[in-house]
Amino acid sequence: MTYDVEAIQAKWQQVWADLDLFTAEDRAVDEKPKLYALTMFPYPSGDLHMGHAEVTALHDVIARYGWLRGYEVLNPMGWDSFGLPAENAAIRNDEHPATYTYANIETQASSFRNYGLSFDWSRRLHTSDPEYYRWTQWLFLKFRERGLAYRKSSPVNWCPVDQTVLANEQVVDGACERCGAEVTKRELTQWYFKVTDYAQRLLDDMEHLEGRWPERVLTLQRNWIGRSTGAQVQFRIEAPHLEDSSRTVGVYTTRPDTLFGATFMVVAADAPLAAQLCAPEQREEFEAYLAEVRKESDISRLATDKPKTGVPLGVEAINPVNGERIPVWAADYVLADYGTGAIMAVPAHDQRDLDFARAFDLPVRRVVDTGDPNPEETGIATAGDGVYVNSASDLATLNGLTDKTAGINSIVAALEETGAGTGAVNFRLRDWLLSRQRFWGCPIPIVHCPDCGEVAVPEEQLPVVLPDLKGADLKPKGVSPLAAATDWVNVACPDCGGDAKRDSDTMDTFVDSSWYFLRYCSPEYTDGPFDPEAVRRWGPVDQYVGGVEHAVLHLMYSRFFTKVLHDMGMVDFIEPFSSLLNQGVVINKGKKMSKSLGNGVSLGEQLAEYGVDAIRLTLVFAGPPEDNIDWADLSPGGALRFLQRAWRLSGDVTSEPGVDPATGDVALRKVTHRTVHDAAELIEGMRFNVMVARVMELVNATRKAIDSGAGGADPAVREAVEAVSVLLSLVAPYTAEEMWERLGHAPGIARTSWPVVDESLLVAEAVTAVVQVQGKVKARLEVSPEIPADELERLALADETVQKAIDGRAVRKVIVRAPKLVNVVV
RNA sequence: GCCCCGGUAGCCCAACGGCAGAGGCAGUGGUCUCAAACACCAUCCAGUGUGAGUUCGAAUCUCACCCGGGGCACCA
């Protein structure tokens, strides 16, 4: 018999397909605990790569372990199958995006099957199927009914290459997250989800995820939400050219206590407010400046060392706390879409304001004396604590105070009393821009009617199916290709029956993936996006596995969806993913694998060379799951050799199945039971690499027992090899199944049970106690694990080398940690 | 600039505050072979990034620094 990788794989793939081992039974959940184990579904671009191989190998350990421990496991797989690559491929090849998409899905599905994963294929879904996106549309309409989906005109991120708008989360360092092109701004009317309504809850509920999600992800989300507290302060603007010759402008500040130091006001040049306030004599200068600002890309605008620019608007604002008149400027260092788009500038205590003041020779007034040199002279703003100065008026007085919190509270109280301001909270998080000017996505189920306005497509007319466009029809034109599909876009208004047009944008694909984990619970359900009963049964996801690149995208959006659905009474939990594992990425020779670097490692070739089990084992054994793996450090050949060694054990067992291990070699039995016991703990702690090392140890011990100890006929050897098979089945299912068969068992090791650990075999009858003198090891004693402390101390002090080390000195203290250690202090 | 995470053998990684080594890779020596590869057996290898501190005892806890990786960065 030889270990023939290809033959073993081919043989068991067939058998497993017939056995149907991993279909999750809905009803079974009423009788046993459930485990919803989910790995992020892939986008179907080409075949699977090393990254997929890693994440699914890790995830499969968890799912398979669940089955062995008696859980009913829901482990579904599907495809996030809307998206740009398919559209680009369709343009290139003059075909329909579906052709590319579904061909790739079939390729990946077959690769997944070959890879021996324990997916429940009966629940497979694709977000680009009309039966799926019908419910994405339905959810959009429900969100809209609740005021959570709305349209507004605003300057948005525009990717000139992909010819579509992007959400804030998809812009990285001013560039398109997908294609890397420099993102510009455009004023467009677009659909948004009102995520900001949920900002506080998204922040607060992270408390439930503490310790169960990587700290890194929680920090990332906290930063992204960016909650800050301060005050909203109203400034009156008086100018003859304004309607009623005056109006108020609110500014948000985290330092209302420095209000006396405000020496000018700045409005974001690209905010509508700036144009409204601008005095006629400044109009020309302002327009010229605004044009400059608009031309700038985010990349140059975000450069922190860029000199400050701006123009005066020719109006003055009145500081509500002391009635002082301060000039109002327009500048690009103030953001139009944060707070009110306007700020009070306190140059003495804010570096950005100080830079601006120095550039335009505006006054600087210190109101907090921190003991540092005067910012006006040094050009360095002071933000620390200090004593308030120059801060007194009829309305409020801070002078002499030294406590910042007291200063803030006092000013806010004064503002609230006079109605000139209130305490306020602000978030960095913006609403989620979900419109995309592309074809291969979920159509937005809205009709625009000249008479009725925005009209929802009635539920019974869902899904709004994509028209049959392909090739050149899909070329980016800056408007959605759907707008040019006249047969599709022209439609009768559902309300009045008059001529109307469909909304021609499609949804961001992150909308599709924000609820797919719920659909898996009842993928065939036709009365709603999911059967609430099924979701009650399976939800939430107990263990989610995926890459950290989705820390503020998919994970935040899914949390938002779950909370909205909770408020709609459709799910009874508030967080979708109870526990999260972020696997590292597979790199090669210290660098990310990429075509341009020529350091890509082909998964297909590796699988062909070493076999599925060896590659899976290599990836799982490489290190802690969350660490990055460098393929150059790994040895699939070593993994294959180990598997062969393990497999050979199964041929050396000569006892019959079912033989009582109690009569077997105790030393080997102890190793077996200790290994099984520890393996469970290691898996539960996601320490799969260590678990594999322990199985290797057991294999070595068993080999030794067969060759130079108990011999192949000993029942303990059968027990050990069976344990090896079961433990190995989590990582190397083909080899494990083959071993299981050679041991005389029926196929289906994946659905056997976890070996029962005999606690009595976990205690050693003798342990080595270490005796230290001054913390240095001097002697070792073989003692009973139950040895009393005083007895151990007596033995230790009686030891000859110990006495020699003490060398006649007085013993000051003896620390005894029975049965493992004694430390003598002299 | 700010915030996280990590530095243990030539390499990847283990080690409830208690003997620095579980496992693997590579290396070396042997068995097998006409020879080699494979396989098998044996074996070499660091005092834990640096410096202080706490402790009977520190890779582990504390502080500072160095190096590497990641995140945030005109958000008022």
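We name chains A, B, ... by the order of the sequence lines, and we start the count at 1 in each one.
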Look at the side-chain N and O atoms of [X] and state whether any lies under 4.0 Å from the OP1 or OP2 oxygen of [N].
X: A/Tyr333; N: B/A76; answer: no
X: A/Asn689; N: B/G24; answer: no
X: A/Lys820; N: B/G18; answer: no
X: A/Arg222; N: B/C4; answer: no
X: A/Ser228; N: B/A76; answer: yes
X: A/Arg648; N: B/C40; answer: yes
X: A/Arg645; N: B/C40; answer: yes

Check your understanding: B/G18 base to A/Gln772 side chain: any donor-acceptor pair below 3.5 Å?
Key -> yes
Which one is paired to [N], where only Watson-Crick or G-U wobble pairs with both distances under 3.5 angstrom count?
N: B/A52; value: B/U62
N: B/C74; value: none
N: B/C32; value: none

Revision key, fill the gap. Closest to the 5' end of RNA chain B, once A/Glu697 and A/Ala639 are matched to their nearest nucleotides, is A/Glu697
Study note, to complete from the structure: Nearest-nucleotide check on RNA chain B, A/Met344 vs A/Leu220; residue mapping nearer the 5' end is A/Leu220
Short N-O contact, [X] and [Y], less than 4.0 angstrom:
X: A/Asp337; Y: A/Arg430; value: yes
X: A/Arg216; Y: A/Glu549; value: no
X: A/Lys194; Y: A/Asp197; value: yes
X: A/Asp790; Y: A/Arg794; value: no
X: A/Arg694; Y: A/Glu681; value: no

Name the closest nucleotide to the [X] side chain, picking from [options].
X: A/Thr253; options: B/A76, B/C13, B/C56; answer: B/A76
X: A/Met696; options: B/A22, B/G23, B/G18; answer: B/G23
X: A/Asn823; options: B/A76, B/A15, B/G18; answer: B/G18
X: A/Phe621; options: B/G23, B/C12, B/A76; answer: B/G23
X: A/Leu821; options: B/C25, B/G18, B/C13; answer: B/G18

Review point. Counting any heavy atom closer than 4.0 Å, what does A/Val770 reach on the DNA or RNA strands: base, sugar-phosphate only, or nothing?
Key: base
Check your understanding: For residues A/Thr735 and A/Asp613, is any side-chain donor paired with an opposing acceptor at under 3.5 Å?
Key -> yes
Check your understanding: Syn versus anti for B/G10, judged by chi lying within 90° of 0?
Key -> anti
Exercise for review: Scan for ring pair (Phe, Tyr, Trp, His ring centres under 6.0 Å) pairs involving residues 339-359 of chain A, sequence neighbours excluded, and state none if there are none.
Suggested key: A/Phe264-A/Phe356, A/Trp329-A/Phe356, A/Tyr333-A/Phe356, A/Phe356-A/Phe360
Give me the distances for all protein-to-nucleotides 27-32 of chain B N/O pairs that come in under 3.5 Å?
none

Exercise for review: State whether the side chain of A/Glu782 and the backbone N or O of A/Ala769 hold a donor-acceptor pair below 3.5 Å, judged by distance alone.
Suggested key: no
Check the interface with nucleotides 52-54 of chain B: list each N/O to N/O pair with the protein under 3.5 Å, or write none.
none

**Study point:** Between B/U55 and B/U43 - C1' atom distance, rounded Å
**Key:** 38 Å
